[in-house]
Student: 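I am attaching a structure below and will ask some questions about it afterwards.
Basis for what follows: all heavy atoms, side chains included, without hydrogens, waters or symmetry-related copies. Here is the naming used below: chain letters follow the sequence lines, and residue numbers restart at 1 for every chain.
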There are 2 protein chains.
Amino acid sequence: MARRPVTTAKSPSDLDARKATILDAVVAEHIDTAQPVGSSSVATIAHLAVSPATVRSEMVALEREGYLAQPHTSAGRVPTDKGYRYFVDHLKSGAVSSAQQVQVRDFFANVRGEVEDVLEQTSSLLSRLTNYTSVVVAAGHSHATILNVQLVSLDARHQILVTVFSDGAVVKHSVVSSFDASFEEVAEASRQLNALLVSTNLEDRVQVPSRTDPVATLVREAASVLFAERPTADGDQVFIGGSSRVAEVFDGVETVRKVLSILEQELLVVSLIQDILDQGLSVAIGSEHGYEALSACAVIVAPITIDGENAGAVGLLGPTRMKYPEALAAAAMVSAQLTRHFDRDDDLG
Amino acid sequence: MARRPVTTAKSPSDLDARKATILDAVVAEHIDTAQPVGSSSVATIAHLAVSPATVRSEMVALEREGYLAQPHTSAGRVPTDKGYRYFVDHLKSGAVSSAQQVQVRDFFANVRGEVEDVLEQTSSLLSRLTNYTSVVVAAGHSHATILNVQLVSLDARHQILVTVFSDGAVVKHSVVSSFDASFEEVAEASRQLNALLVSTNLEDRVQVPSRTDPVATLVREAASVLFAERPTADGDQVFIGGSSRVAEVFDGVETVRKVLSILEQELLVVSLIQDILDQGLSVAIGSEHGYEALSACAVIVAPITIDGENAGAVGLLGPTRMKYPEALAAAAMVSAQLTRHFDRDDDLG
DNA sequence: CGTTGGCACTCGGTAGAATGGAGTGCTAAT
DNA sequence: ATTAGCACTCCATTCTACCGAGTGCCAACG
């Protein structure tokens, strides 16, 4: 892991070696200090055997080409989103500190419990590892087949429909029947639903009986609730870890508010992550994803696969000046371990 | 609704009428302006036919008694937690604006879907209504009886145990069997589990068969997973709405961070709410709940009951200088409507 | 040519100093 | 008991000066 290209390197404009070094130094330093960085600092840091003046003239070029910006005349330079992009694209993939490696391995060696709990805790882990807010998305089960359906009577007019999918997901639906249904009718409906639905998936709209006897009616009503399912989400689940980091990591109440507000809308988060993956990126910087409110953010994404199938993704949300090498490495490591965890889980099963 | 005493009025130290009026004015004004309030403002606002000088001498008394504090000499007064407490205890319960009443009624007239979704949306509603962060807690089903148990085979070594409770809750457990179980064995185990567990609840530790045949083993393994259940939470569910409000409403990054960090820990939130209810309060101000990190907060709580039974609570989290009348009224209204919603739901079922 | 030292200039940040004003506490008079 | 009067305090704001980091430009240099 971690020796794949960090993102799709669509290197149209490759900078000459010295410009690249300078840009790199500016970005790295700015990430470190959060301050505009000046020509003399760069000259020192980058171990270039040139004077600040030379660096300066290179920097005007870099600014003209859109990699750097000046907050105001006579301040140092700050990277633009394009600058960060270059930095990220040309990153030698960083290593996770061995202490962290141990931490992650320990974690996966010891987690128990339901998938949901594991993912929740993973999100928390990733956030602790990086000090950024973490997002774990578990892909929905739209293509999973139904293993079992159970209709359970709560009272005469209320039933609970429980559906178990082949990926282990369990979904509950409340059914309100149009007539008083007896225990026997519910039990019979349950049997028929099973016969009808097992090994289908939600995409195939199974034909339900059109008869008008109580049991058939019940079957129809239950099935319709099941198929009414989520016009929006595919049943994706979202686990957000370390949302309090938002307050540490961004400055400006307004930014914090905006980001939190986005995080509240899980559907939005899912499509954000999905969009980034669809673009073939592993990092989206500033406005690269379309989300206005997140223009101060960078988002790191790493997919999770189970048995080669897309099973979701882990994400990290930080300021554009986030610590990319560490964060990328952490995300990659966690996603890999997660993938392995679930694969292995199946193996020894 | 809304004409019950706002909290347990344990009025030991009742202030004389004028002091009360003054305190009231100070608190109200400070809530409004977030500024220390001076004697002359009070004299004006409170419609007291006395001069600022008189107000001043009353204020020194109120300060001595711990209701008010001065940020520094020659600033106005600010309420202490004790001051807020008095204010809240002597509040004429405020009315919800009729526009909001309509909004709430509309909401409850139109919500559909699973209980969880309703609660989630309710939390969001309450937050929008008040501009504070809202918490909705749904009490666990520890006392609910089991209606149905289903063991479903995923593969030879993995089964899913689905339990349906009389309150409509559905809980899923992954079971990893110690041997390769056939479909038939799983099905038989499922039957036996049903026979064994239906109409019991999780408190009664049902005796499981000690035989060593495959089916009995499976039954034992499944049951043990079920009973291993939550040493911590009672399966309470927490829905937090408007966490982004935290950023608007508190000042100081550190405070925001602390509050968000608390909100992340759902177990903690549950016990916070529970503690407050146990104290018989409907508002906890500053350090009245024991949570250090929330000393800048006030928490409003209103219980939800279904058929007279405690079914959870709604809560609001704001700064100590929150708009108590509105917030209390909104919380009361929403909790009442929620209660009615679920009761009515049962009626017309 | 690219590189560099020199230099004037810019502009944000900070530290004082001055000022204004809101609010107090005290006191003496009613 | 109330209150007008008054001296005092102290915070917030404004203004100033100024320092210094950093720039852009230019002339000189290899």
Student: Does any non-hydrogen side-chain atom of A:V249 lie less than 4.5 Å from one of A:M322?
Tutor: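 No. Closest side-chain heavy atoms not under 4.5 Å.
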
Student: Could you check whether any side-chain heavy atom of A:E326 comes within less than 4.5 Å of a side-chain heavy atom of A:Q100, counting everything from C-beta outward?
Tutor: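 A:E326 does not reach A:Q100 side chain to side chain.
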
Student: Donor-acceptor pair, distance only, cut-off 3.5 Å: does the side chain of A:S39 make one with the backbone of A:R56?
Tutor: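 Absent.
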
Student: Contact boundaries of DNA chain C with chain B (under 4.0 Å, heavy atoms), 5' to 3'?
Tutor: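 Contact boundaries, 5' end first: C:dG23 to C:dC26.
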
Student: So which of residues 34-57 of chain A are in contact with DNA chain C, with a heavy-atom cut-off of under 4.0 Å?
Tutor: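 Residues of residues 34-57 of chain A under 4.0 Å from DNA chain C: A:A49, A:V50, A:S51, A:A53, A:T54, A:R56.
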
Student: Walking along DNA chain D from 5' to 3', note the first and the last nucleotide with an atom under 4.0 Å from a heavy atom of chain B, and give both.
Tutor: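 In short, chain B contacts DNA chain D from D:dT2 to D:dC11.
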
Student: Is it the case that the side chain of A:S134 and the backbone of A:L316 share a donor-acceptor pair, with hydrogens and angles ignored and the cut-off at 3.5 Å?
Tutor: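 Between the backbone of A:L316 and the side chain of A:S134 there is no qualifying donor-acceptor contact (under 3.5 Å).
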
Student: Hey, are the side chains of A:M59 and A:V26 touching, using non-hydrogen atoms and a 4.5 Å cut-off?
Tutor: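 Side-chain contact under 4.5 Å: yes.
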
Student: Tell me which residues in residues 68-77 of chain B lie within less than 4.0 Å of DNA chain C, going by non-hydrogen atoms.
Tutor: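 DNA chain C contact set from residues 68-77 of chain B: B:Q70, B:S74, B:A75, B:G76, B:R77.
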
Student: Any sub-3.5 Å donor-acceptor pair from B:T320's side-chain atoms to B:C297's backbone N or O?
Tutor: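 Not at all, since once roles are kept as given, no pair shorter than 3.5 Å links the two residues.
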
Student: Side-chain contact test, heavy atoms from C-beta onward, threshold under 4.5 Å: evaluate it for A:R245 versus A:R128 and give yes or no.
Tutor: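 Yes, side chains in contact.
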
Student: To the nearest 10 degrees, what angle separates the axes at the start and end of the helix from C:dC1-D:dG30 to C:dT30-D:dA1, five pairs each?
Tutor: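 Comparing the first five pairs with the last five, the axes sit 30° apart.
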
Student: If the plane angle is over 60° it's perpendicular, under 30° parallel, otherwise tilted; pick one for B:Y324 and B:Y84.
Tutor: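 B:Y324 vs B:Y84 ring planes: tilted.
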
Student: With distance as the sole test, does A:T80 use its side chain to make a donor-acceptor pair with the main-chain N or O of A:G83 at under 3.5 Å?
Tutor: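 Answer holds: yes.
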
Student: Would you call the rings of A:Y291 and A:H289 parallel, tilted or perpendicular, taking 30° and 60° as the class edges?
Tutor: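 Tilted.
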
Student: Can you check whether B:L294 reaches B:L272 side chain to side chain, under 4.5 Å on heavy atoms?
Tutor: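 Yes, their side chains come closer than 4.5 Å.
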
Student: Per the salt bridge (charged side-chain N to carboxylate O under 4.0 Å, His left out) rule, what does the pair list look like for residues 19-29 of chain A, sequence neighbours excluded?
Tutor: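 Sorted result for residues 19-29 of chain A: A:D16-A:K19, A:K19-A:E58.
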
Student: Would you call B:L317 and B:I262 a side-chain contact if the rule is heavy atoms closer than 4.5 Å?
Tutor: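 No, every pair of side-chain atoms sits at 4.5 Å or beyond.
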
Student: Are any non-hydrogen side-chain atoms of B:V256 and B:E248 less than 4.5 angstrom apart?
Tutor: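 Sidechains of B:E248 and B:V256: no contact.
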
Student: Are any of the side-chain heavy atoms of A:L62 and A:L15 separated by less than 4.5 Å?
Tutor: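 Answer yes - side chains close enough.
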
